[in-house]
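In this text, all values refer to a predicted model and were calculated from it rather than measured experimentally. One-based numbering along the sequence shown.
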Amino acid sequence: MDYLNHHSGFFDLLQLKMKSIVKLLLSILFLLASITNYGNIQIKKNKAQKEYLKNLHIIQDCMYKGKKVPGEVFNSAIFFLETTTNIKSNYSYGREVFATPTEQNIKDWKNWYKRNKTLLYWDQNDQRAKVKYNYL
């Protein structure tokens, strides 16, 4: 019994150090989990941003470089930009309705991207880019 009484201060100190070590390890694990989760979010956002820019470049290449793409690719790019930004393209009306984006449409879509690119994310379930609006 004398042995325990004599060394109880040592055991108390040892127990305190062990608690501190456990707290430190838990803090490190929490930090690593947070960093990993943030990295996954960034990857998803980058994929969504790339999708946005891909569609914008399709329209720009057709308008400014005369690049030919299938009609469904062109229309899909316009549909993506319109539904993502709520900025409508100009249209020509005749026997059929054709999307005819203007330089102003391109400028508006570019400005929208500059202001909102951090809100774009990739939805894994729907396999498409979406906008995360922060409503108060």
Checklist entry - Where the side chain of Asn105 meets the backbone of Asn90, is there a donor-acceptor pair that is under 3.5 Å apart? => result yes
Item to check | Qualifying residues under salt bridge (charged side-chain N to carboxylate O under 4.0 Å, His left out), relative to Lys130, sequence neighbours excluded | outcome: Asp123, Asp126
Next on the checklist: Please enumerate all residues that pass salt bridge (charged side-chain N to carboxylate O under 4.0 Å, His left out) together with Lys19, with sequence neighbours excluded.
Outcome noted: none
Checklist outcome for this item: For residues 98-118, the ring pair (Phe, Tyr, Trp, His ring centres under 6.0 Å) pairs (sequence neighbours left out) are Tyr52-Trp112, Tyr52-Tyr113
Next on the checklist: Are more than 12 heavy atoms, taken from residues, nucleotides or ligands other than Phe79, located less than 6.0 Å from that residue's CZ atom?
Outcome noted: no
Next on the checklist: A side-chain contact here means heavy atoms from C-beta on lying under 4.5 Å apart; do Ser89 and Leu81 qualify?
Outcome noted: no
Checklist entry - Hey, what do you get for NZ (Lys88) to OG1 (Thr85), rounding to the nearest 0.5 Å? => result 7.5 Å
Item to check | Contacts of Thr83 that satisfy side-chain hydrogen bond (donor to acceptor under 3.5 Å, both in side chains) - sequence neighbours left out | outcome: none
Checklist entry - What pairs with Ser76 under side-chain hydrogen bond (donor to acceptor under 3.5 Å, both in side chains), at least two apart in sequence or on another chain? => result none
Checklist entry - Atom OG1 of Thr100 and atom CE of Met63: how far apart are they, to the nearest 0.5 Å? => result 9.0 Å
Item to check | Value rounded to 0.5 Å, distance of CG in Asn86 from CG in Asp108 | outcome: 12.5 Å
Next on the checklist: Please enumerate all residues that pass ring pair (Phe, Tyr, Trp, His ring centres under 6.0 Å) together with Phe74, with sequence neighbours excluded.
Outcome noted: none
Item to check | Which residues share a side-chain contact (heavy atoms from CB on, under 4.5 Å) with Lys107, sequence neighbours left out | outcome: Gln104, Asn111
Considering only distance and modelled atom types, tabulate donor-acceptor pairs under 3.5 Å from the side chains of residues 54-61, sequence neighbours left out.
from  : atom 1 : to    : atom 2 : distance (Å)
Lys54 : NZ     : Glu51 : OE2    : 3.4
Asn55 : ND2    : Glu51 : O      : 2.8
Asn55 : ND2    : Glu51 : OE2    : 3.4
His57 : ND1    : Leu53 : O      : 3.0

Next on the checklist: Evaluate Tyr64 against Ile106 for side-chain contact (heavy atoms from CB on, under 4.5 Å), listing each step before the verdict.
Outcome noted: CA-CA 11 Å; Tyr64 301 131; Ile106 298 290; 3.9 Å; yes
Checklist entry - Looking only at atom types and distance, does a side-chain atom of Gln49 sit under 3.5 Å from a main-chain N or O of Lys117, one as donor and one as acceptor? => result yes
Checklist entry - After noting the C-alpha distance and the side-chain angles of Thr84 and Asn116, does the key distance pass the side-chain contact (heavy atoms from CB on, under 4.5 Å) rule? => result CA-CA 10 Å; Thr84 302; Asn116 299 291; over 6 Å; no
Next on the checklist: For residues 90-105, which residue pairs pass the salt bridge (charged side-chain N to carboxylate O under 4.0 Å, His left out) check, not counting sequence neighbours?
Outcome noted: none
Item to check | Sequence-distant partners of Glu82, salt bridge (charged side-chain N to carboxylate O under 4.0 Å, His left out), two or more places apart | outcome: none
